[in-house]
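Here's the structure we're looking at; comments come further down.
Atoms within a ligand are numbered from 1 in the order they appear, just like the ligands themselves. Residue numbers count from 1 along this sequence.
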Amino acid sequence: MSVSWTLPFDEKILPEDRSKSTTAQDYAKVHRKSVEDSREFWAGVAREMEWFRPWDRVLDDSEPPFYKWFVGGELNASYLCLDRHVKTWRKNKVALIWEGEPTADGRPTEVRTLTYYDLYREVNRLAHLLKHRYNIKRGDTVGVYLPMVPELPAVMLAAARIGAVFTVVFSGFSSDALAERLNDAGAKILFTADGVWRKGKVLDLKPIADRALEKAPAVRNVVVVRRVGGRTAMREGRDEFYDSALKEVPVNAFVEPERTKSEDPLYVLYTSGTTGKPKGQVHDIGGYLTLLHATMNWVFDVRDTDVYWCSADIGWVTGHSYIVFGPLMEGVTGVMYEGALDCPAPDRWASIIERYGVSVFYTSPTAIRGWMRNGEEWVRKHDTSTVRLMHSVGEPINPEAFRWLFKAVGREKVPFGSTWWMTETGGILISHLPGLHMVPMKPGTNGPPLPGIDADVLDEAGKAQEAGERGYLVIRKPWPGMPLTIYKDPKRYVDVYYGRFPGVFYAGDYAVKDEDGYFWILGRADEVIKVAGHRLGTYELESALIQHPAVAESAVVGVPDEVKGEVPVAFVILRQGYTPSEGLKKELNDITREKVGAVAAIREVLFVSKLPKTRSAKIMRRVVQAVAAGRSPGDVTTLEDEASVEEVRSAHEALQHEVRGGKSS
Ligand code: WTA
């Protein structure tokens, strides 16, 4: 298969600092060497960080695939993000510039700037509270269901400080989804907020948390951040406002950072997979922070003069790694924004860049496509010339989106990459590296694997593909930042990631490697879809739908969408006695929102009387997917009943017709 699109320009993008530029061939040599001795290579990186105690072994590989990095080493994530800077001139440097969503006269009405010392104080007081008021001990789990407010990173750092494990649940998830995660993780306490500003409106969060708590009895205490006025029902003896609780803690409280072990868990973050419930990815401390330290420098090339903005939400892994731990560990000034990037007008994001002089910008293809729709004039209202480096993440970037941002903000010269990684990998593994060896950038590619990362593309049988051939992306050798396991389900960890090709990590993505060794990640090879960059298992949506009494069977697939990349469409077979109706469609949509959350809104429910199945009665999702995306279904010889394909097709065509008809009328 050939790679899908060509370069939009002949000139190579090179970094300001030309001394770092190199050829793809020279990089390949450096890379090969780093991979051959990847342990020593990563040990060199880890030595750049401050450890309380050095490790005895770089990698414990005695129980593959449960690898442990820097065993015997002791360090603390909160110490590395705060105490270390507070001892230097960075003490009074701005760590976080937070901007709330509401505006007046086009200007934000709330901006909070926290210096490293401010954040250090807050985190120490919170750690004190966790330890002494709520009796949270090392190894206990702290649940977090917070929107994008500064208290969110503070809670994560405070948990890390005392060696507690935190689990953040994205604030767009429903009460059922929250309860499931809190229960699985065994959370003893929950941090949430009364509400959040989103698209100009207040969204109440506490009532959602309350419904989840009815199903999560192990949560003893609930701490509520007052974000939208604090008018919310509080349960006596369980709930307390964050500010009131903190009032009782001395301003100068100091909590000694725990000497956590490198292989201790830092957090559990749930992510969607092909089947079953969401998987709790457990990340360690030493390996994870090593990868973040490396990537903040190689990929983002951060310097003390930078203002760095990652526009993701901390509820997803991108925010964990590249809003909280990565930038703070490097002593960077970061921007954190509460709300929608186009609120109150499509230039909000560009105004943020201008207001703070953002120089390093990390965003997503979905965000870019959204801005593109509104036109470049919205960007030109603002001075975005401070930006010197950009990257995107979450989905493959399409040529139009690349070209648009490259021109609108990148002035056709700023390095702009598409970093590949996943919740499981902990940090970026495949990327252009403007801060290290700047190989010529090829727009649309993800770039070469990082030094020390042994990535490859395999065919069905596990044989390495030639350049230009599509196959499955794998990582051969262990890397720092990899998961310790799936929480409480080590067998699943082995099956999902190491079951497909024994001994190598299977990412679940299709990829092509080109003749220069650059990777092009093409999208998921499984039943995971990326809706606006958010990772959802179609199985989760099907499990929600089946809980409605009218549903006998369903197949949810992703179909292309101009802005969101993909959106879910459900094909539903009704039980006897039920007939299709608009009311029923709405009920089915509501049930997915209730079980999974607003992120899972189904674009369209289509009623059919049969679905393509194999003779062993397995739904052939590949066929449904192809037809729904308007493609040929390919080989259907194993189908039980070919008429089912026609049925899916005509349901889909009727929808297309409706959509077109609706538009023209
Ligand atoms: C996809 C997000 C193409 C991929 C950090 C992966 C990408 C999944 C890219 C993980 C990219 C992420 N180009 N595809 N630059 N970045 N993906 O766990 O399919 O939310 O497997 O982590 O996103 O999604 P997750």
Side-chain angles (χ1 to χ4, degrees), residues 3-5 168 170 172-173 267-274 278-281 283 288 291-292 295 299 310-323 325-326 362-369 390-399 401-402 405 416-433 441-450 455 457 470 472-475 481-483 486 496-497 500 505-513 518-538 540 558 564-566 599:
V3 185
S4 51
W5 53 289
V168 180
F170 173 57
F173 276 123
Y267 64 81
V268 179
L269 180 59
Y270 288 84
T271 183
S272 296
T274 308
K279 304 184 286 258
Q281 303 293 342
H283 279 293
Y288 178 71
L291 181 60
L292 297 188
T295 49
V299 176
C310 166
S311 71
D313 191 294
I314 295 176
W316 305 95
V317 76
T318 304
H320 280 57
S321 299
Y322 296 110
I323 297 178
F325 292 100
Y362 195 24
T363 191
S364 70
T366 289
I368 300 167
R369 288 188 296 260
M390 307 188 287
H391 283 290
S392 87
V393 63
E395 317 146 64
I397 186 148
N398 49 315
F402 179 92
L405 195 74
F416 176 21
S418 169
T419 64
W420 177 87
W421 59 296
M422 31 191 323
T423 309
E424 290 81 344
T425 66
I428 296 164
L429 297 192
I430 301 179
S431 172
H432 290 94
L433 305 162
M441 267 197 167
K442 281 193 214 173
T445 73
N446 301 94
L450 260 58
V457 178
R470 188 173 98 145
Y472 300 101
L473 176 66
V474 298
I475 313 293
M482 68 193 309
I486 292 177
V496 173
Y497 304 109
R500 178 78 191 248
F505 176 88
Y506 169 69
D509 277 317
Y510 285 124
V512 176
K513 198 164 67 167
Y518 290 33
F519 282 63
W520 302 67
I521 312 298
L522 306 171
R524 297 293 306 180
D526 57 10
E527 270 98 60
V528 168
I529 58 175
K530 281 296 201 109
V531 183
H534 298 157
R535 180 167 161 183
L536 291 174
T538 47
E540 283 171 84
K564 294 183 170 180
E566 269 184 303
V599 274

Part of Arg535 with heavy atoms under 4.0 Å of ligand 1, whether side chain, backbone, both or neither | side chain
Supply the atom-to-atom distance Phe170 CZ to Arg535 CZ, rounded to the nearest 0.5 angstrom.
-> 15.0 Å
Can you find a side-chain donor-acceptor pair between Glu424 and Thr271 that sits under 3.5 Å?
-> no
Indicate yes or no: at least one non-hydrogen side-chain atom of Thr425 is less than 4.5 angstrom from one of Met482.
-> no
Residue set satisfying ring-ring contact (aromatic ring centres under 6.0 Å, His included) with Trp420, at least two apart, ordered chain then number -> none
Does some side-chain heavy atom of Ile368 sit less than 4.5 Å from a side-chain heavy atom of Ile397?
-> yes
Modelled atom types, side-chain donor and acceptor of Thr318 and Tyr362, under 3.5 Å = no
With respect to atom 12 (C) of ligand 1, which of Trp421, Tyr322, Phe519, Tyr510 exhibits the smallest heavy-atom separation?
-> Trp421
So for Thr423 against ligand 1, with non-hydrogen atoms under 4.0 Å, the contacting part is both
Work out whether the distance between some heavy atom of Gly394 and some atom of ligand 1 is less than 4.0 Å.
-> yes
Test Lys279 against Tyr497 for side chain to side chain contact (heavy atoms under 4.5 Å, CB included), laying out the working first.
-> CA-CA 12 Å; Lys279 304 184 286 258; Tyr497 304 109; 3.0 Å; yes
With backbone taken as N, CA, C and O and side chain as the heavy atoms from C-beta onward, which portion of Asn446 lies under 4.0 Å from ligand 1: side chain, backbone, both, or neither?
-> side chain
Under 3.5 Å, N or O to N or O, is Ala507 touching ligand 1 that way?
-> no
Atom 3 (C) of ligand 1 - nearest protein heavy atom and its distance | Pro396 N, 3.1 Å
Could you pull out all residues at least two apart from His283 that satisfy ring-ring contact (aromatic ring centres under 6.0 Å, His included)?
-> Tyr267, Tyr288
Protein contact of atom 19 (O) of ligand 1 - nearest heavy atom, named by residue and atom, plus distance = Asp509 OD1, 2.6 Å
Nearest heavy atom to atom 20 (O) of ligand 1 wins, so pick from Lys530, Glu424, His534.
-> Lys530
A student comparing Val393, Thr419, Ile397 should find that the heavy atom closest to atom 15 (N) of ligand 1 comes from Thr419
Numbering as shown, the atoms of ligand 1 that approach Thr318 to under 4.0 Å (heavy-atom distance) = 5 (C)
Salt bridge (charged side-chain N to carboxylate O under 4.0 Å, His left out) between Glu395 and Arg369, intermediate numbers included = CA-CA 12 Å; Glu395 317 146 64; Arg369 288 188 296 260; 2.6 Å; yes
Among non-hydrogen protein atoms, atom 10 (C) of ligand 1 lies closest to Met422 CB, 3.4 Å
N or O pair under 3.5 Å between Arg524 and ligand 1 | yes
